[in-house]
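One structure is given here, and the rest of the page talks about it.
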Amino acid sequence: MSTTPSSAGDRLVQVGAIVFFVGALATLVTVAPLFLGTDPFPPIAYGVCMLMGVGFLIAGAGVVRSAWANSPKRAAGS
């Protein structure tokens with residue numbers, strides 16, 4: 001069992017990963033009709049695919065927040 005405290009951006013990274021994988025799954029589902037020869041999905045389905053980029057940005061913000069909170073200058077000041 002780990003006793004390390006969670007970092008400031010850990011929750012953002014977790015949420016960003018979940019949002020990213022939802023967007024990735026939506027991308028796979030949206031692209032499937034192109035290979036199967038069926039009718040494409042409505043345009044809103046392509047909008048859901050944008051969650052991939054949003055999740056990436058959320059996770060990136062979590063990494064930056066963790067790095068900023070654990071920087072040596074901030075640690076020395078507290």
Side-chain angles (χ1 to χ4, degrees):
M1 189 162 142
S2 176
T3 59
T4 58
S6 74
S7 183
D10 285 350
R11 181 65 65 188
L12 281 175
V13 172
Q14 292 171 352
V15 170
I18 292 169
V19 172
F20 179 86
F21 284 119
V22 168
L25 180 64
T27 300
L28 290 175
V29 169
T30 305
V31 173
L34 299 174
F35 295 112
L36 299 175
T38 60
D39 291 333
F41 286 105
I44 191 69
Y46 295 98
V48 176
C49 294
M50 297 298 169
L51 288 177
M52 235 166 108
V54 171
F56 187 76
L57 288 174
I58 292 170
V63 169
V64 169
R65 184 173 178 188
S66 290
W68 184 73
N70 295 328
S71 67
K73 287 184 180 179
R74 291 196 44 87
S78 57

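Values below: all heavy atoms of this structure, side chains included; hydrogens, waters and symmetry mates excluded.
- Contact detail for Pro33 and Pro40: the closest heavy-atom pair is CB-CA, 4.3 Å.
- Taking Ser66 as the reference, Ser7 meet the side-chain hydrogen bond (donor to acceptor under 3.5 Å, both in side chains) condition, with sequence neighbours excluded.
- Summarising the geometry of Val63 relative to Val13, their closest heavy-atom pair is N-CG2, 3.8 Å, with the distance given to 0.1 Å.
- Applying the under-4.5 Å side-chain rule to Ile, Leu, Val, Met, Phe, Trp and Tyr, the cluster around Tyr46 consists of that residue alone.
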Working for side-chain contact (heavy atoms from CB on, under 4.5 Å), residues Leu57 and Val54 = CA-CA 5 Å; Leu57 288 174; Val54 171; 5.7 Å; no

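- Atom CD1 of Ile44 is separated from atom OG1 of Thr30 by 10.5 Å, given to the nearest 0.5 angstrom.
- Cluster partners of Phe21 are Phe20, Met52, Phe56, counting Ile, Leu, Val, Met, Phe, Trp and Tyr whose side-chain heavy atoms approach within less than 4.5 Å, directly or via other members.
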